[in-house]
Amino acid sequence: MTHYRLTPLADSLPDTVPFVGPETQERARAQLFDARLGANENVFGPSPMATRAMAETQLWKYGDPESYELREALADYHGILPEMIVVGEGIDGLLGYLARLMVAPGDAVVTSDGAYPTFNYHVAGYGGVLHKVPYADDHEDIEALFAKAAEVNAKMVYVANPDNPMGTAHDGTDIVAAMEKLPKGTLLVLDEAYIECAPEGTALPLPMSDSRVIRLRTFSKAYGLAGARVGYAMGAPDLIAAFNKVRNHFGMNRAAQAGALAALDDQTWLRSVQARITTSRNRITSIALKNGLRPLKSAANFVAIDCRHGAEFAQNVLREMVDRGVFIRMPLVAPQNRCIRISCGTPADLDILAEVLPAALRYVEKG
C-alpha cells in the first residue's frame, strides 16, 4: 500500500473540522430538522433580483478571475478604490488565504478563547501558534487581545465585531481607541460578517486604507447568499494585492458573482431583511425570557441564551432540542458554554421553537 507522504505539519494535525453541518446531523438522524436555527443563515433569503441574476447566468463560462464588476460595485458602495478589495469564497476562504500569506510555522497569532473556530483551523494548518484571551462579560476583550499581541509579538490578532458565537458587539470608536495599543507590525483581522445586522456605530470609523487593519465582510448573512459563498476583504492596496499571489483565481463561480452584484444593488430588499431580523431577534428574546432563560443582547442574526445552570445543562438542552427536530448550536468554551445559540427564523420556525424549547427544558430539568 502506498504510504502517503504528508508534511510533518499536516500529519501532526488532529482529524477535526470546525463545524459539523446540519446535513451531517440529519443523515445521522435519518430525518430532516423541522426548524434549522443553528447555522446563522438568513432564512428570509436573498433579493429576488439576485436569484434571477444567478438563474440567468451563463454557467458554461468560468467566473471572472478578478471579480471585476463586483469589486467595482463594492468600491463605489464603500467609497474606496477597487484595488482595496479582494473577493473570495466567503470569509472562511479569505481567512485561509490570509493565513497562507501571513503565517509561517511558529508565528504567534492571537484570538479570543472560544471565538470563531475556522480562523484557528487555518492558522494551525500553516503551523502558527495560537494565543488565546478569555472573553470579558461575554464580549471579546479588545484591550487584553492587543496586550497579548504585544506580549507574544503576534503577526495577527483576530476580532469579530459583532461577535460569533455570543452576538455581542463593541462600538467602533472603542476599537479605534484600543488600537492605540495595537503593536506595530501586528495586523488586526476584523471579521464584520454580521455588520449589516448591527446598530449604527458598530463599524470601524477608520479609513479602509489604514494599514493596521483588514476588514472582512460577506454576502452570506444579511444578503442571504450563504450557499453562494461570496466574501470580500478591504484594506490597504499593497496588502490586498498580495492575495493575488496565493488565491484560487477561479475560486469564485460566475453565478455567485452575478448574485452578489444584484444583491448589492437591491438595498431595499436588504432593509426589509434587516427589519425581519430585528423582529425575529425580539421574538427569540421573548421566548427565552418566558422560559426563565437569560438572552444576551445581540447585534447579529442570532441570539445567545444563558441557560442559567452551567455547561452540562446547556449541552443537554441542545441535545434534547436536536432530538426533537430543532437544529441549534452552542458555544464550546467556558464560560460561554453555559449558553445555547439560536439563529433568527421565520415566524413558523419560531412557532416550533416556542413549542419545543419548554418541552426540552422540562425534560432536562427532570434529569
Side-chain angles (χ1 to χ4, degrees), residues 14 16 18-20 37-40 109-121 123-124 129-149 151-152 154 157-171 174-175 178 189-191 193-194 197-198 202 281 284-285 287-322 326-344 353 357 360-361 363-365 367:
T16 59
F19 295 106
V20 177
L37 298 172
N40 301 343
V109 177
V110 172
T111 186
S112 297
D113 192 14
Y116 190 53
T118 301
F119 178 72
N120 304 358
Y121 182 79
V123 170
V129 179
L130 282 161
H131 300 265
K132 299 180 181 180
V133 172
Y135 279 62
D137 191 27
D138 295 320
H139 288 69
E140 293 203 59
D141 191 337
I142 305 296
E143 292 187 358
L145 286 163
F146 294 172
K148 176 62 73 173
E151 176 189 330
V152 301
V157 55
Y158 174 88
V159 174
N161 193 52
D163 175 64
N164 181 15
M166 303 311 286
T168 51
H170 290 280
D171 190 273
D174 293 335
I175 297 178
V189 181
L190 187 61
D191 185 339
Y194 299 95
C197 307
T202 306
R281 277 194 315 227
I284 294 169
T285 296
I287 291 170
L289 290 170
K290 186 176 180 180
N291 285 280
L293 308 180
R294 187 178 75 87
L296 277 61
K297 184 178 180 181
S298 174
N301 70 339
F302 61 86
V303 180
I305 299 172
D306 185 347
C307 290
R308 293 184 178 274
H309 297 291
E312 183 178 358
F313 183 88
Q315 179 67 56
N316 289 337
V317 171
L318 179 143
R319 186 179 298 110
E320 191 61 24
M321 293 287 288
V322 167
V326 179
F327 169 60
I328 63 172
R329 282 193 171 127
M330 67 179 293
L332 298 177
V333 174
Q336 297 92 263
N337 61 355
R338 71 192 191 284
C339 298
I340 55 175
R341 195 195 69 193
I342 299 176
S343 303
C344 290
L353 175 68
L357 180 59
L361 289 168
Y363 183 86
V364 173
E365 287 165 354

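Given the structure is predicted, the values throughout are model-derived calculations rather than measurements.
Summarising the geometry of M166 relative to P331, their closest heavy-atom pair is SD-CG, 3.8 Å, with the distance given to 0.1 Å. When all heavy atoms are compared, the tightest approach of I328 to I342 is CG2-CG1, 4.0 Å. Of all the heavy atoms in V133 and A144, the pair that sits closest is CG1-CB, 3.6 Å. In plain terms, the two heavy atoms of P165 and Y135 that are nearest each other are CD-OH, 3.6 Å. The two residues A314 and I340 come nearest to each other via the heavy atoms O-CG2, 3.8 Å. Contact record, A198 with P162: CB-CG, 3.7 Å, taken as the closest heavy-atom pair.
Side-chain atoms of E140 never come within 3.5 Å of backbone atoms of D163 as a donor-acceptor pair (strictly under, hydrogens ignored). Side-chain atoms of R329 do not come within 3.5 Å of backbone N or O of S343 as any donor-acceptor pair. Distance alone, capped at 3.5 Å, is enough to place a donor-acceptor pair between the N301 side chain and the N40 backbone. A donor-acceptor pair is defined here as one N or O able to donate and one able to accept, closer than 3.5 Å; such a pair exists between the side chain of N161 and the backbone of T202. Side-chain N or O atoms of H309 include none that pairs as donor or acceptor with a backbone N or O of E365 at under 3.5 Å. S112 places no side-chain N or O within 3.5 Å of a backbone atom of G114 that could act as its donor or acceptor partner.
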Go through it in stages, so that I can follow the logic: the residues are D306 and C339, the test is side chain to side chain contact (heavy atoms under 4.5 Å, CB included), and I'd like the CA-CA distance, side-chain angles, deciding distance and then a yes or no. CA-CA 4 Å; D306 185 347; C339 298; 4.1 Å; yes
What do the steps show when you test K132 against N120 for side chain to side chain contact (heavy atoms under 4.5 Å, CB included), and what is the final call? CA-CA 10 Å; K132 299 180 181 180; N120 304 358; 3.9 Å; yes
Determine, stepwise, if the pair D174 / I142 fulfils side chain to side chain contact (heavy atoms under 4.5 Å, CB included). CA-CA 9 Å; D174 293 335; I142 305 296; over 6 Å; no
Please step through side chain to side chain contact (heavy atoms under 4.5 Å, CB included) for the pair E143 and D141, ending with a clear verdict. CA-CA 6 Å; E143 292 187 358; D141 191 337; 4.2 Å; yes
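Relative ring orientation between Y158 and Y116 is described as parallel, the plane-to-plane angle staying below 30° on a 0-90° scale split at 30° and 60°.
From L332, atom CG reaches atom CG of N337 across 8.0 Å, with rounding to the nearest 0.5 Å. Of the inter-residue distances, the one linking F302 atom CZ with I284 atom CD1 reads 10.5 Å to the nearest 0.5 angstrom. Taking CD of Q336 as the start and CG of L296 as the end, the distance is 10.0 Å to the nearest 0.5 Å. We find the CZ-CE distance between F327 and M321 to be 11.5 Å, quoted to the nearest 0.5 Å. To the nearest 0.5 angstrom, H139 atom NE2 is 4.5 Å from T168 atom OG1.
Ion pairing between a basic and an acidic side chain is recognised when a charged N comes within 4.0 Å of a carboxylate O; K148 and D113 show no such pairing.
Between L361 and F313, some side-chain heavy-atom pair lies under the 4.5 Å cut-off. The side-chain heavy atoms of C307 and M330, taken from C-beta on, include no pair separated by under 4.5 Å.
Shown are N291, T285, I287, L293; of these, the side-chain contact (heavy atoms from CB on, under 4.5 Å) with L289 is made only by T285.
More than 12 heavy-atom neighbours from other residues, nucleotides or ligands sit within 6.0 angstrom of CZ on F19.
R341 and N164 share a donor-acceptor pair across their side chains, judged by distance under 3.5 Å alone.
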